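A short write-up of the structure that comes next.
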2 protein chains.
Amino acid sequence: MEEAKFESALARKLSSFIKLTPDELGVVADLQSKSVKIKRGKELTAEGQANGRAIILGSGWACSYKIMPDGARQIITFPIAGDCVGVRSILLRTSDHSLSALTDATVSTVEAPRLLQVLNEHPRVGAALMWATSRDEAMVVEHLVSIGRRNALERTAHFFMELAERLTLVGLATSTEFKCPLNQYVLADALGLSAIHVNRVLRQLRERDLMTVKSGKVIIHDLSGLCALAGYHKMDGGRTAIE
Amino acid sequence: MEEAKFESALARKLSSFIKLTPDELGVVADLQSKSVKIKRGKELTAEGQANGRAIILGSGWACSYKIMPDGARQIITFPIAGDCVGVRSILLRTSDHSLSALTDATVSTVEAPRLLQVLNEHPRVGAALMWATSRDEAMVVEHLVSIGRRNALERTAHFFMELAERLTLVGLATSTEFKCPLNQYVLADALGLSAIHVNRVLRQLRERDLMTVKSGKVIIHDLSGLCALAGYHKMDGGRTAIE
DNA sequence: CGACGCTTTGACACAACTCAACAACCGTGG
DNA sequence: CCACGGTTGTTGAGTTGTGTCAAAGCGTCG
């Protein structure tokens, strides 16, 4: 994984699960062959909309969310480069959440039949894709736990730890620093807080010399301190039972 | 679906998705052929434990949860009769949450290879299983939204609406009433509240003539009122794009 | 009967929200 | 080059939803 250049973030991510053959890497590349440029703010999927396709994010940031009747928004996750959205729900008739681009982005759409075909003909690629989506689901669960049982400070710290790990997996973060286009309003909607409280929490994290969020960049000052505060455990990035 | 007697809750649930042939129903029954009786309180899977198998709940109630370093618990979902746990994470080396029986229960264990075999040889059954798990995942997402953006009253109301719908799907609830062995401590850990506040919320629901929870039984007095309060929308129980 | 598990209630504390400003930043256009 | 508006960040004061602590009521079961 060190020196090799991957064609896509997805290929890089999957490779940390199982080493793919050139042939299989070709399949992964092919899934993303018809990529489209998307403008920041564009809605990619609306809740309730007809479904039957998955989306692969080639670059940029997005957010999947639900809107409440009173207009409040809960962000479920921030898909980043290399993430696949909607794989699991390809069987459901309608999408259960909305998806918007937070920055300019490139996306590829994969229709259900094509995906099923890959799963059949390239089981190892399929397994890797399923591994990646399982991982994403595990993060949704962790997010739920976070909102349910961590206070604002722990929750925020945990969120950034997780984000850092995800970004690292696709080569977008070092152990101390990464770019992050999320403003405090967006963070608030993800963390289940008010934007103002997010501000106070970020200040605390800064004053405790744990991390700094400024102008689109996150800097980690004290990784172990953050992990301790958040009760964060690194995800299982290891090999699977199969293969 | 009306008069037919199904051998299992799972068969009944899947049948509401696609009508299964007798042959396929046999497959579903076979998956549950080696069922085991489990005592209330028994832990079925521990977080971090080696995985590679799914569990089908034949009867009884369970809860899947995570424990925080300080001992707090967040319940993610309450598997009931007909639910499959751990299907998606069969590829992950370790389980990402714990699972305990809340009541005496019967469970069947399905090893990964067997499940993959079914998915291959009986794609329609496989699709139905994937539909069911997708549905469960959508509920986890909704649960996240609930904790993040609904207040205690709305959240509780929403929880019971969802529960009622799930129980109905396996024939364990009428539109106005169902058995429910969840006490206020357990509810609290699911709703991200304190047990005492759950009590206050339940009182409010009672005083507003919306619903009553008493001695293991839930009675819905005003369904539309509850839905309005909770912002609840029935899940898509309809047919899929495939088949 | 006593013990235990669960529910109910009250008084109080505190985390997080709301409202209301203001400050810093940034790209745009005069 | 500076003035400008829009977006984002920062701060303070006061409110409120929910948590904590403490205690009592109530069934059920041994």
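Keep in mind it's a predicted model, so treat the numbers as computed, not measured. Note on naming: letters A, B, ... go to the chains in the order of the sequence lines (proteins, then strands), and numbering restarts at 1 for each one.
- A/Y232 and A/E165 share a donor-acceptor pair across their side chains, judged by distance under 3.5 Å alone.
- Screening B/L205, B/T212, B/L210 for a side-chain contact (heavy atoms from CB on, under 4.5 Å) with B/H221, the sole residue that qualifies is B/T212.
- A/E142 has its side chain out of reach of B/D96: every pair of non-hydrogen atoms, C-beta onward, lies at least 4.5 Å apart.
- With respect to the salt-bridge test (charged N to carboxylate O, under 4.0 angstrom), the residues B/D70 and A/R149 do not qualify.
- For DNA chain D, the outermost nucleotides in 5' to 3' order that have an atom under 4.0 Å from a heavy atom of chain A are D/dT8 to D/dA13.
- For the pair A/N151 CG and C/dA13 P, the computed distance is 20 Å after rounding to whole Å.
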Pair up each side-chain donor or acceptor in residues 194-204 of chain A with any protein partner under 3.5 Å, not counting sequence neighbours, and list the distances.
{"from": "A/S194", "atom 1": "OG", "to": "A/H197", "atom 2": "N", "distance (Å)": "3.2"}
{"from": "A/N199", "atom 1": "ND2", "to": "A/Q184", "atom 2": "OE1", "distance (Å)": "3.1"}
{"from": "A/Q204", "atom 1": "OE1", "to": "A/R208", "atom 2": "NH2", "distance (Å)": "3.3"}

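- Near DNA chain D, meaning a heavy atom under 4.0 Å away, the residues from residues 201-211 of chain A are A/R203, A/R206.
- When side chains are defined from C-beta on, A/R150 counts as touching A/V145, because their heavy atoms get closer than 4.5 Å.
- Contacts between residues 181-200 of chain A and DNA chain D, defined by a heavy-atom separation under 4.0 Å, are made by A/N183, A/Q184, A/I196, A/N199, A/R200.
- Taking the centre of each ring, A/F159 and A/F78 come in below the 6.0 Å mark.
- Residues meeting the side-chain hydrogen bond (donor to acceptor under 3.5 Å, both in side chains) test with B/N151, sequence neighbours left out: none.
- Take A/K42 and apply the side-chain contact (heavy atoms from CB on, under 4.5 Å) test, not counting sequence neighbours, and it matches A/I38, A/L44.
- Ion pairing between A/R40 and A/D104 fails under the 4.0 Å rule for side-chain N and carboxylate O.
- Residue B/R149 is out of contact with every strand shown, counting any heavy-atom pair closer than 4.0 Å.
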